[in-house]
Amino acid sequence: MPKHPPLGLVLDRAVKALAIAAVGLILGAALIGVAEVFIRWVFDSSLIGIAEINTVAVIWAVCGCFPYCLWTHGNIAVRVFGQVRSERFRRGIEAGAGTLLFFVFLFMAHQLWLHGQQLGKAGSASLMLKIPMGTVWMAAAGMILFAALTQAYVVLAQLRGWPQGNTPGQRLPQEG
């Protein structure tokens, strides 16, 4: 089995760290939501800007989980061709589908970046907390671009036959 390149180990750690941060955002948004319900119940008042914070948290959490989904092959895979044809044919189909997925994420990142720039030029900000929405969407575009680059590595690893230690329950070989 070929040794996993060091870039794969770095990507593994970065993808997992981003996913943990994204899940932390969702948990934080949920705790804030629970706090708001409690405050409404006890004090008959609400916290200002909770909806805006939750909007940003959800945008970033969803975008932050895409790289992990791609890294762990959580996306849909068509296995019919592998049953009909050879292993080489199946790998070629998977590489083609993975390449298409790379371009889809690249296009998404580009569109989100353009959207963020338009919002930034317009000075768009959230109503209560004045969160600059252009910056929020450009950061989301950066996470989607990272997902695209992660997918490019996954396709390259498939083509090169590098160990895919990025599937659930399987660990990457340690360096050294």
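Position 1 is the first residue of the sequence; numbering continues from there.
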What are the two closest heavy atoms between [X] and [Y], and how far apart are they?
X	Y	answer
Ala14	Phe146	CB-CZ, 3.9 Å
Leu129	Gly49	CD1-O, 3.7 Å
Leu70	Val154	O-CG2, 3.9 Å
Leu112	Ala141	CB-CB, 3.7 Å

Taking the side chain as every heavy atom from C-beta outward, state whether Met143 and Phe66 have any pair of such atoms under 4.5 Å apart.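 The answer is no, as the side chains (C-beta and beyond) never meet within the 4.5 Å cut-off.
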
Taking the side chain as everything from C-beta on, heavy atoms only, tell me whether Trp60 gets closer than 4.5 Å to Val136.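 Trp60 vs Val136: side chains touch.
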
Distance check, rounded to the nearest 0.5 Å: [X] atom [atom1] versus [Y] atom [atom2]?
X	Y	atom1	atom2	answer
Leu7	Tyr153	CG	OH	5.5 Å
Leu11	Lys16	CG	NZ	11.5 Å
Cys63	Met108	SG	CE	6.5 Å
Asp12	Tyr68	CG	OH	8.5 Å

Within a radius of less than 6.0 Å around CG of Leu114, do more than 12 heavy atoms belonging to other residues, nucleotides or ligands occur?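 Enclosed.
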
Taking side-chain hydrogen bond (donor to acceptor under 3.5 Å, both in side chains) as the definition, give me every residue that meets it alongside Ser126, ordered by chain and number, with sequence neighbours left out.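 By the side-chain hydrogen bond (donor to acceptor under 3.5 Å, both in side chains) rule, Ser126 matches Glu52.
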
Side-chain donor-acceptor distances from residues 18-47 under 3.5 Å, at least two apart:
residue : atom : partner : partner atom : Å
Glu36   : OE2  : Arg40   : NH2          : 3.2

Under 4.5 Å between side-chain heavy atoms, chaining through other members, with only Ile, Leu, Val, Met, Phe, Trp and Tyr counted: pull out the rest of the cluster around Leu159, sorted by chain and number.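 Besides Leu159, the hydrophobic cluster comprises Val155, listed by chain and residue number.
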
When Ile, Leu, Val, Met, Phe, Trp and Tyr are grouped by side-chain heavy atoms lying under 4.5 Å apart, directly or through other members, which residues fall in the same group as Trp113?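 Traced through the cluster, Trp113 reaches Met138.
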
What pairs of residues pass the ring pair (Phe, Tyr, Trp, His ring centres under 6.0 Å) test when at least one of them lies in residues 119-140, not counting sequence neighbours?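 Counting only pairs at least two positions apart or across chains, the ring pair (Phe, Tyr, Trp, His ring centres under 6.0 Å) contacts touching residues 119-140 are His115-Trp137.
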
So if you build clusters from Ile, Leu, Val, Met, Phe, Trp, Tyr with side-chain heavy-atom gaps below 4.5 Å, do [X] and [Y] land together?
X	Y	result
Phe107	Val62	no
Leu156	Phe102	no
Leu145	Leu119	no
Leu149	Trp71	no

Take His73 and Glu94 through the side chain to side chain contact (heavy atoms under 4.5 Å, CB included) test and state the conclusion after the steps. CA-CA 11 Å; His73 303 277; Glu94 285 185 7; over 6 Å; no

Listed by chain and number, what are the side chain to side chain contact (heavy atoms under 4.5 Å, CB included) partners of Phe103, not counting sequence neighbours?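 Scan of Phe103 (side chain to side chain contact (heavy atoms under 4.5 Å, CB included), adjacent residues dropped) gives Thr99, Leu106.
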
